[in-house]
Amino acid sequence: MRPMDKKQFMQGLNDSLILWDVGRMFHTRLSDEVHGELAVFGIGSVDRELTTSRDCEEVAEVIESNRERMDAALYADCMAELGEIKDDMKWLASKTGRRVMEIEHLLAEARQKAKECFPLNDIIMGRDMMEEPDNLTIGIVARTREKCKLIQKTIEGW
């Protein structure tokens, strides 16, 4: 078996790389599945963005007041999802959560700038959210030393 050259390696890495906005991982509303099941029972007024503890309490009150109309599994699903939403809110409000989201915002901006400035270059950006969330990594494939120097100079100006 022949060893991979740099271009093949980068193409393989690029093909398997998933860039994901961390903000999308957090729940701010009940799932579509739960909404659909609640609609079958005629339980409305829960299909909205939940951004405060009070929002969660209001939805919990609606669910609790309709508990007898739904089966145990649906009630458990509702309460579990509300619990996840509350946990996400708590983490986002924490010092770590605020810092990680700050960094995530900066990373999203850097990705956009890099796409605009270097549309023909392979770009890899990310960070290790668990081990070193403050350490951003940017990788841009440069085909020549001159292009590498230009990229470095551009990034230093950001």
Side-chain angles (χ1 to χ4, degrees), residues 9-141 151-152 154-158:
F9 173 76
M10 289 307 297
Q11 186 60 47
L13 181 60
N14 200 27
D15 290 345
S16 63
L17 187 65
I18 299 170
L19 298 177
W20 187 260
D21 178 358
V22 171
R24 292 175 158 188
M25 294 170 51
F26 300 104
H27 301 264
T28 57
R29 60 185 328 120
L30 295 176
S31 69
D32 292 340
E33 290 175 1
V34 167
H35 285 258
E37 289 184 51
L38 290 172
V40 169
F41 293 101
I43 302 168
S45 71
V46 295
D47 186 13
R48 61 189 174 118
E49 199 79 15
L50 306 175
T51 57
T52 66
S53 294
R54 182 68 195 135
D55 291 339
C56 290
E57 289 169 16
E58 289 170 1
V59 169
E61 288 169 8
V62 170
I63 291 168
E64 197 60 49
S65 67
N66 289 284
R67 185 176 186 174
E68 292 180 12
R69 297 172 61 198
M70 62 181 90
D71 60 37
L74 176 56
Y75 176 78
D77 289 345
C78 290
M79 299 316 283
E81 287 191 19
L82 275 175
E84 287 179 24
I85 292 167
K86 288 178 185 178
D87 288 346
D88 287 349
M89 272 190 234
K90 185 177 178 179
W91 186 84
L92 286 166
S94 72
K95 184 178 178 181
T96 301
R98 287 190 313 269
R99 180 68 181 140
V100 167
M101 293 312 293
E102 241 178 70
I103 293 167
E104 191 64 25
H105 178 73
L106 293 171
L107 187 55
E109 285 180 356
R111 283 183 186 136
Q112 187 57 40
K113 282 182 185 178
K115 278 186 203 176
E116 292 166 7
C117 293
F118 313 110
L120 301 177
N121 293 80
D122 295 321
I123 301 166
I124 301 167
M125 293 188 182
R127 62 194 174 85
D128 185 338
M129 205 169 122
M130 299 302 166
E131 297 293 323
E132 295 182 75
D134 287 354
N135 187 13
L136 302 181
T137 302
I138 301 172
I140 300 176
V141 179
I151 290 169
Q152 286 174 331
T154 303
I155 290 172
E156 287 169 4
W158 291 352

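In this chain, residues are counted from 1 in sequence order. Only this structure's heavy atoms are used, side chains among them; waters, hydrogens and symmetry mates stay out.
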Partner set under salt bridge (Lys or Arg N to Asp or Glu O under 4.0 Å) for Glu68, not counting sequence neighbours: none
Of all pairs that satisfy salt bridge (charged side-chain N to carboxylate O under 4.0 Å, His left out), the ones with a partner from residues 52-64, not counting sequence neighbours: Arg48-Asp55, Arg48-Glu58, Arg54-Glu57, Arg54-Glu58, Arg54-Glu61, Glu64-Arg67
Check against side chain to side chain contact (heavy atoms under 4.5 Å, CB included), Lys113 and Thr154: CA-CA 10 Å; Lys113 282 182 185 178; Thr154 303; over 6 Å; no
Derivation and outcome, side chain to side chain contact (heavy atoms under 4.5 Å, CB included), residues Leu74 and Leu38: CA-CA 8 Å; Leu74 176 56; Leu38 290 172; 3.9 Å; yes
All side chain to side chain donor-acceptor pair (under 3.5 Å) counterparts of Gln152, not counting sequence neighbours: none
Contact list for residues 33-44, test side chain to side chain donor-acceptor pair (under 3.5 Å), sequence neighbours left out: His35-Asp47
Within residues 69-83 or reaching into it, pairs that qualify as salt bridge (charged side-chain N to carboxylate O under 4.0 Å, His left out) - sequence neighbours excluded: none
For Ser94, side chain to side chain donor-acceptor pair (under 3.5 Å) partners two or more places apart: none
Distance, nearest 0.5 Å, that separates SG of Cys78 from CD1 of Ile43: 7.5 Å
Within-4.5 Å side-chain heavy-atom neighbours: Leu82 and Met79: yes
Side-chain donor/acceptor of Asp88 to backbone N/O of His27, under 3.5 Å: yes
Validation row: Phe26, Leu92 side chains within 4.5 angstrom (heavy atoms): yes
Minimum side-chain heavy-atom gap Glu109-His105 below 4.5 Å: yes
Euclidean distance, Met89 CE relative to Thr28 OG1, rounded to 0.5 Å: 8.5 Å
